[in-house]
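To keep things clear, I will list the structure first and then write my remarks on it.
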Protein chains: 2
Amino acid sequence: MAKFDLFQFVPFRLNRLAAEVSAALSDEYQVRYGLDIPEWRVIATLGFRDDACSAQFISQCTRTHKSTISRAVTALLERELIERVENEDDRRAFELRLSAKGTALYEELIPRLLHKERDILSCLTAQERKDFAAALGKIERSLDLVQTRHGQKAGAY
Amino acid sequence: MAKFDLFQFVPFRLNRLAAEVSAALSDEYQVRYGLDIPEWRVIATLGFRDDACSAQFISQCTRTHKSTISRAVTALLERELIERVENEDDRRAFELRLSAKGTALYEELIPRLLHKERDILSCLTAQERKDFAAALGKIERSLDLVQTRHGQKAGAY
DNA sequence: CTAAGATAGTCTCATTTGCAACCATCTAAA
DNA sequence: TTTAGATGGTTGCAAATGAGACTATCTTAG
């Protein structure tokens with residue numbers, strides 16, 4: 001039988017690495033700002049988009065279950081980090097956007113996270129980083145993992 | 001402020017990719033063999049090692065909490081997929097190994113998982129795969145993530 | 001030898017999260 | 001228009017998991 005080495009097995013390595021990297025970042029958003037991962041994802045998505053978007057949209061592009069997003073949205077509303085207005089066209093849906101307070105947090109947090117990311121990737125050369133990102137992109141696309149506009153796939157975001 | 005793109009942010013991408021890849025594999029060990037992730041990790045570690053090892057060791061090298069491993073071990077013992085014998089030198093510890101039944105399952109499962117892994121990575125060229133694995137290795141080492149023998153780090157496994 | 005601290009493993013508890021039922025609203029078709 | 005099905009979002013519930021207390025055992029210092 002083919003010799004199997006768990007520690008060479010990419011799915012296992014991805015899991016372990018993702019967990020470790022998340023833990024390394026959580027100091028920034030968890031300890032410092034009291035955000036958990038889903039909350040951070042909501043903030044990040046809203047901060048990145050100029051226009052408001054729905055919970056559904058956040059759920060789809062972050063690949064996070066809608067109930068998890070719903071809970072995160074509720075918590076962020078209570079902390080007044082985001083705002084929610086009814087959608088006139090569809091009264092089931094809401095438009096979400098960062099509040100002034102949320103925007104301030106976002107702009108404070110982002111540089112810290114980018115710095116951490118740079119730290120983590122600093123063991124690679126510039127070319128290696130580029131290749132690594134490209135490989136991630138290829139795998140993502142082949143798994144149909146790249147979300148773009150409201151639930152559709154492919155295309156530049 | 002530096003423009004931030006969640007979808008270019010490596011920690012986020014790793015999380016999402018790891019989750020997706022795990023889901024893709026779970027059909028094999030979850031649906032087909034009724035193993036959850038921690039159980040599969042125990043099986044994989046025991047199958048890979050020729051000699052018996054402790055729960056502690058499995059916990060350390062898979063980076064899985066000892067209580068999680070403990071539960072997985074209990075479940076696998078009940079299903080008689082693994083065996084446990086007292087360690088003569090240290091009566092707190094147990095030596096774990098695959099049973100005949102467990103070995104059979106292992107040898108059936110491994111080719112399926114390797115096949116899945118190959119599928120997932122088939123979007124990369126051979127060279128890209130090699131570079132990708134090398135980059136993973138560098139990041140793992142820089143995060144001090146490479147476990148080797150009983151709790152020690154570094155060195156070839 | 002004894003006591004203090006470390007370590008292996010189990011167990012309880014709290015948290016997190018996915019699933020699925022549910023409500024309200026929208027869309028499409030008869 | 002009425003009705004069936006789809007969709008956005010919320011919530012109750014159950015499964016999974018990490019933290020940490022706990023027991024038993026081992027190790028080391030005095």
Side-chain angles (χ1 to χ4, degrees), chain A residues 15-16 18-20 22-23 26 29-31 34-42 45-46 52-78 82-97 147 149-152, chain B residues 15-16 18-20 22-23 26-27 29-31 34-42 45-46 52-78 82-97 149-152:
Chain A
N15 252 299
R16 200 176 51 163
E20 198 68 15
S22 287
S26 77
Y29 53 76
Q30 235 158 40
V31 176
L35 299 174
D36 62 22
I37 292 180
E39 286 163 9
W40 147 243
R41 286 185 180 173
V42 171
T45 308
L46 294 179
C53 56
S54 67
Q56 177 74 189
F57 175 74
I58 300 173
S59 169
Q60 284 171 341
C61 61
T62 64
R63 293 235 149 185
T64 306
H65 196 276
K66 64 177 182 167
S67 63
T68 304
I69 295 297
S70 173
R71 282 183 266 257
V73 164
T74 302
L76 293 172
L77 282 171
E78 269 164 23
I82 64 175
E83 290 163 358
R84 178 168 74 169
V85 298
E86 280 192 10
N87 183 328
E88 311 225 322
D89 297 335
D90 184 342
R91 271 181 305 176
R92 293 169 303 180
F94 298 96
E95 300 198 328
L96 300 169
R97 65 179 73 246
Q147 301 276 339
R149 288 163 307 155
H150 298 263
Q152 273 120 46
Chain B
N15 253 297
R16 200 177 51 164
E20 199 67 15
S22 287
S26 76
D27 274 358
Y29 52 77
Q30 238 161 38
V31 177
L35 299 174
D36 62 22
I37 292 180
E39 285 163 11
W40 147 243
R41 287 185 179 173
V42 171
T45 307
L46 294 179
C53 55
S54 66
Q56 177 73 190
F57 174 73
I58 300 172
S59 169
Q60 284 172 341
C61 61
T62 63
R63 292 234 150 185
T64 306
H65 196 276
K66 63 179 183 168
S67 62
T68 304
I69 295 297
S70 174
R71 282 183 270 256
V73 164
T74 303
L76 293 171
L77 282 170
E78 269 164 24
I82 65 176
E83 290 163 357
R84 178 168 74 169
V85 299
E86 281 193 11
N87 183 327
E88 311 223 323
D89 298 333
D90 184 342
R91 273 181 303 176
R92 292 168 304 180
F94 298 97
E95 299 199 328
L96 300 169
R97 64 180 74 246
R149 288 164 305 158
H150 296 267
Q152 274 123 44

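Every heavy atom of this structure was used, including side-chain atoms; hydrogens, water molecules and symmetry mates were not. Chain letters run A, B, ... following the sequence lines, proteins first and then strands; every chain starts at 1.
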| query | At their closest point, which heavy atom of B:T68 faces which heavy atom of B:P38, and how far apart are they? | reply | CG2-CG, 3.5 Å
| task | Identify the two heavy atoms, one from A:V42 and one from A:A72, that lie closest to each other, and give their separation to 0.1 Å. | result | CG2-CB, 4.0 Å
| task | Check ring-ring contact (aromatic ring centres under 6.0 Å, His included) between A:Y29 and all other residues, then give those that pass, not counting sequence neighbours. | result | A:W40
Between the protein and nucleotides 1-3 of chain C, are there any N/O to N/O pairs under 3.5 Å, and if so, what are the atom names and distances?
none

| note | Sequence neighbours excluded, the answer for side-chain contact (heavy atoms from CB on, under 4.5 Å) partners of A:A75 is A:E39
| request: Not counting sequence neighbours, which residues clear side chain to side chain donor-acceptor pair (under 3.5 Å) with B:E83? List them please. | output: none
| message | Checking A:E95 against A:R84 for the side chain to side chain contact (heavy atoms under 4.5 Å, CB included) test, could you report, in this order, the C-alpha distance in whole Å, the side-chain angles of both residues, the deciding distance, and whether it holds? | response | CA-CA 6 Å; A:E95 300 198 328; A:R84 178 168 74 169; over 6 Å; no
| query | Between A:Q56 (CD) and C:dC26 (P), how many Å, whole number? | reply | 15 Å
| request: Starting from the C-alpha separation in whole Å, work towards a yes-or-no answer on side chain to side chain contact (heavy atoms under 4.5 Å, CB included) for B:N15 and A:S22. | output: CA-CA 8 Å; B:N15 253 297; A:S22 287; 2.5 Å; yes
| request: Using whole Å, report how far CG of B:N87 lies from C1' of C:dG9. | output: 13 Å
| Who passes side chain to side chain donor-acceptor pair (under 3.5 Å) against B:T64, sequence neighbours left out? | B:R41, B:T62
| said: Would you compute the distance between atom CD1 of B:I82 and atom CD1 of B:I58 and round it to the nearest 0.5 angstrom? | reply: 7.0 Å
| Contact boundaries of DNA chain D with chain A (under 4.0 Å, heavy atoms), 5' to 3'? | D:dA6 to D:dG12
| Heavy-atom protein contacts under 4.0 Å, nucleotides 10-19 of chain C, coded B base, S sugar-phosphate only, - none | BBB----BBB
| field | A:S54-A:N87 side chain donor-acceptor pair, cut-off 3.5 Å | value | no
| For A:R92, salt bridge (charged side-chain N to carboxylate O under 4.0 Å, His left out) partners two or more places apart | A:D90
| note | Residues at least two apart in sequence or cross-chain that pass side chain to side chain donor-acceptor pair (under 3.5 Å) with A:T74, listed by chain then number, are none
| message | Which residues pass the side chain to side chain donor-acceptor pair (under 3.5 Å) test with A:R97, not counting sequence neighbours? | response | none
| query | Angle, rounded to 10°, between the helical axes spanning five pairs at each terminus of the helix from C:dC1-D:dG30 to C:dA30-D:dT1? | reply | 10°
